[in-house]
Participant: 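Below is a structure I'd like to ask you about.
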Amino acid sequence: MGRYQIIYMEGNTARESIVMAENRTAAEIPFRMAGKYVTACNELPRDVNLFIGRYPGGTVYCDRNRMENGDYKRLAFITNAGNVFYKADMSKLSPELIRRIHTDACKEREKFMEQFNRLSQIRKYEIIMDHLPAKTFLDAVGKPIDVVVEKYFPEYIKVV
């Protein structure tokens with residue numbers, strides 16, 4: 001018995017589901033019988049029972065097999081701007097998981113940049129100022145809007 005990630009189309013939207021099945025074909029059958037177009041069926045690694053939570057501030061990746069402070073062990077966090085913060089030792093994470101986290105971070109970054117580039121300069125300024133660390137914020141106060149957006153935007157979206 002294995003765990004499979006099924007990606008299928010529902011109308012024009014791609015959906016994801018995790019199922020337990022004997023093999024890849026058995027995992028796909030319920031979706032095909034329901035008239036869904038299955039685009040991918042991937043066996044998930046057995047070592048990590050991954051929980052992915054979407055929150056207003058970003059996406060968290062946790063291991064359901066380990067508890068820490070009464071909650072699932074956090075492995076990584078991706079901000080809405082696509083910044084990755086690893087909460088676990090990267091050497092202990094599988095290469096597939098790291099690849100998935102970075103792929104998801106790139107998607108978040110693209111989505112963020114698309115939305116950010118449509119904003120007015122004053123709105124960009126507000127967003128950047130709201131997210132700067134205190135010391136950097138004090139340095140940026142009083143500078144022209146264009147200078148703040150140009151100088152501090154890279155720090156706001158830096159990948160950690």
Side-chain angles (χ1 to χ4, degrees), residues 3-19 31 34-45 48-64 66 68-69 71-160:
R3 290 178 342 112
Y4 292 87
Q5 172 195 37
I6 306 288
I7 300 173
Y8 62 95
M9 297 302 292
E10 194 172 279
N12 291 332
T13 307
R15 303 272 186 214
E16 176 187 43
S17 186
I18 308 295
V19 298
F31 295 92
K36 308 291 185 200
Y37 175 71
V38 176
T39 59
C41 179
N42 307 310
E43 186 168 10
L44 297 174
V48 175
N49 191 357
L50 191 63
F51 168 80
I52 302 173
R54 187 79 173 119
Y55 299 100
T59 306
V60 65
Y61 293 76
C62 300
D63 182 354
R64 288 183 176 164
R66 295 185 285 167
E68 187 176 82
N69 300 324
D71 202 358
Y72 296 140
K73 167 75 174 148
R74 290 177 185 238
L75 304 175
F77 181 77
I78 301 174
T79 67
N80 289 333
N83 301 334
V84 180
F85 295 92
Y86 284 96
K87 305 293 185 179
D89 183 8
M90 283 183 65
S91 65
K92 295 182 180 178
L93 300 177
S94 70
E96 296 85 19
L97 179 58
I98 292 172
R99 223 179 349 269
R100 177 172 184 175
I101 291 169
H102 279 278
T103 301
D104 290 351
C106 288
K107 289 177 187 173
E108 284 296 319
R109 172 69 54 94
E110 286 175 20
K111 189 168 65 173
F112 172 81
M113 291 303 297
E114 182 181 309
Q115 293 170 348
F116 191 81
N117 287 331
R118 286 186 277 174
L119 299 174
S120 67
Q121 280 294 93
I122 189 67
R123 187 65 189 121
K124 290 177 183 178
Y125 174 83
E126 291 169 346
I127 290 171
I128 292 168
M129 293 298 280
D130 283 346
H131 292 87
L132 288 176
K135 185 176 180 184
T136 310
F137 174 84
L138 293 173
D139 182 48
V141 168
K143 292 193 170 131
I145 292 172
D146 294 344
V147 172
V148 170
V149 171
E150 178 91 15
K151 182 176 179 183
Y152 298 104
F153 181 68
E155 182 170 332
Y156 169 59
I157 63 157
K158 71 181 175 210
V159 176
V160 176

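Note that this is a predicted model, so its numbers are computed, not measured.
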Participant: Considering only heavy atoms from C-beta outward, does the side chain of Glu16 approach that of Gln5 to under 4.5 Å?
Facilitator: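 The answer is yes; the side chains approach within 4.5 Å.
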Participant: Side chains of Arg15 and Ile7, heavy atoms from C-beta outward: is any pair under 4.5 Å?
Facilitator: no
Participant: Let me see the working for Phe116 and Ile127 under side chain to side chain contact (heavy atoms under 4.5 Å, CB included), right down to the final yes or no.
Facilitator: CA-CA 9 Å; Phe116 191 81; Ile127 290 171; 4.3 Å; yes
Participant: Just how far is it from atom NZ of Lys92 to atom CG of Asp63, taken to the nearest 0.5 Å?
Facilitator: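 The NZ atom of Lys92 sits 12.0 Å away from the CG atom of Asp63.
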Participant: Just jot down the side chain to side chain contact (heavy atoms under 4.5 Å, CB included) partners of Glu114, sequence neighbours excluded, or say none.
Facilitator: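 Here the qualifying residues are Arg118.
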Participant: Run the numbers on Val38 and Met9 for side chain to side chain contact (heavy atoms under 4.5 Å, CB included), then give the verdict.
Facilitator: CA-CA 7 Å; Val38 176; Met9 297 302 292; over 6 Å; no
Participant: Give the intermediate values and the outcome of side chain to side chain contact (heavy atoms under 4.5 Å, CB included) for residues Tyr61 and Asp104.
Facilitator: CA-CA 11 Å; Tyr61 293 76; Asp104 290 351; 2.3 Å; yes
Participant: Determine whether Arg66 and Tyr72 make a side-chain contact, defined as any pair of heavy atoms from C-beta on separated by less than 4.5 Å.
Facilitator: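 The answer is no; the side chains never approach within 4.5 Å.
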Participant: Do Ile52 and Arg100 touch side chain to side chain, with heavy atoms closer than 4.5 Å?
Facilitator: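 Yes; the side chains approach each other to less than 4.5 Å.
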Participant: Any chance you could measure Ile128, atom CD1, to Phe137, atom CZ, to the nearest 0.5 Å?
Facilitator: 12.5 Å
Participant: In plain terms, say whether Arg54 and Glu108 are close enough for a salt bridge, that is, a side-chain N and a carboxylate O under 4.0 Å apart.
Facilitator: yes
Participant: Any side-chain heavy-atom pair from Ile6 and Lys36 closer than 4.5 angstrom?
Facilitator: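 SC-SC contact between Ile6 and Lys36 ruled out.
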Participant: So do Thr79 and Val84 actually touch side chain to side chain, heavy atoms under 4.5 Å?
Facilitator: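 Answer no - side chains too far apart.
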Participant: Run the side chain to side chain contact (heavy atoms under 4.5 Å, CB included) test against Glu110 and tell me which residues pass, sequence neighbours left out.
Facilitator: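 Expected list: none.
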Participant: Do you know the tightest heavy-atom contact between Pro56 and Asn80?
Facilitator: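 Taking Pro56 first and Asn80 second, the nearest heavy atoms are O-ND2, 2.6 Å.
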Participant: Is it the case that the side chain of Thr136 and the backbone of Leu132 share a donor-acceptor pair, with hydrogens and angles ignored and the cut-off at 3.5 Å?
Facilitator: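 Not a single qualifying donor-acceptor pair exists.
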Participant: Could you grab the distance from atom CG of Asp146 to atom NZ of Lys124, nearest 0.5 Å is fine?
Facilitator: 10.0 Å
Participant: What pair of heavy atoms forms the shortest contact from Ala88 to Leu93, and how long is it?
Facilitator: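 Answer, listing the atom of Ala88 first, then Leu93: CB-CD2, 4.5 Å.
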Participant: CG/Leu50 to OG/Ser94 distance, rounded to the nearest 0.5 angstrom?
Facilitator: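 Leu50 atom CG to Ser94 atom OG measures 9.0 Å (nearest 0.5 Å).
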Participant: Quick one, Val19 and Phe31 - any side-chain contact, counting heavy atoms below 4.5 Å?
Facilitator: yes
Participant: Between Glu68 and Arg74, is the closest basic N to carboxylate O distance under 4.0 Å?
Facilitator: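 No, no charged N to carboxylate O under 4.0 Å.
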Participant: Can you find a pair of side-chain heavy atoms, one from Lys151 and one from Lys143, that are under 4.5 Å apart?
Facilitator: yes
Participant: Testing the basics here: between Tyr86 and Ala76, what is the closest heavy-atom pair and its distance to 0.1 Å?
Facilitator: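 Here Tyr86 and Ala76 meet closest at CD2-CB, 3.9 Å.
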Participant: Can you name the nearest heavy-atom pair linking Phe77 to Gly57, along with the distance?
Facilitator: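 So the minimum-distance heavy-atom pair works out to CZ-O, 3.6 Å.
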Participant: Rounded to the nearest 0.5 Å, what's the gap from CD on Glu150 to CD on Gln121? Could you check?
Facilitator: 9.0 Å
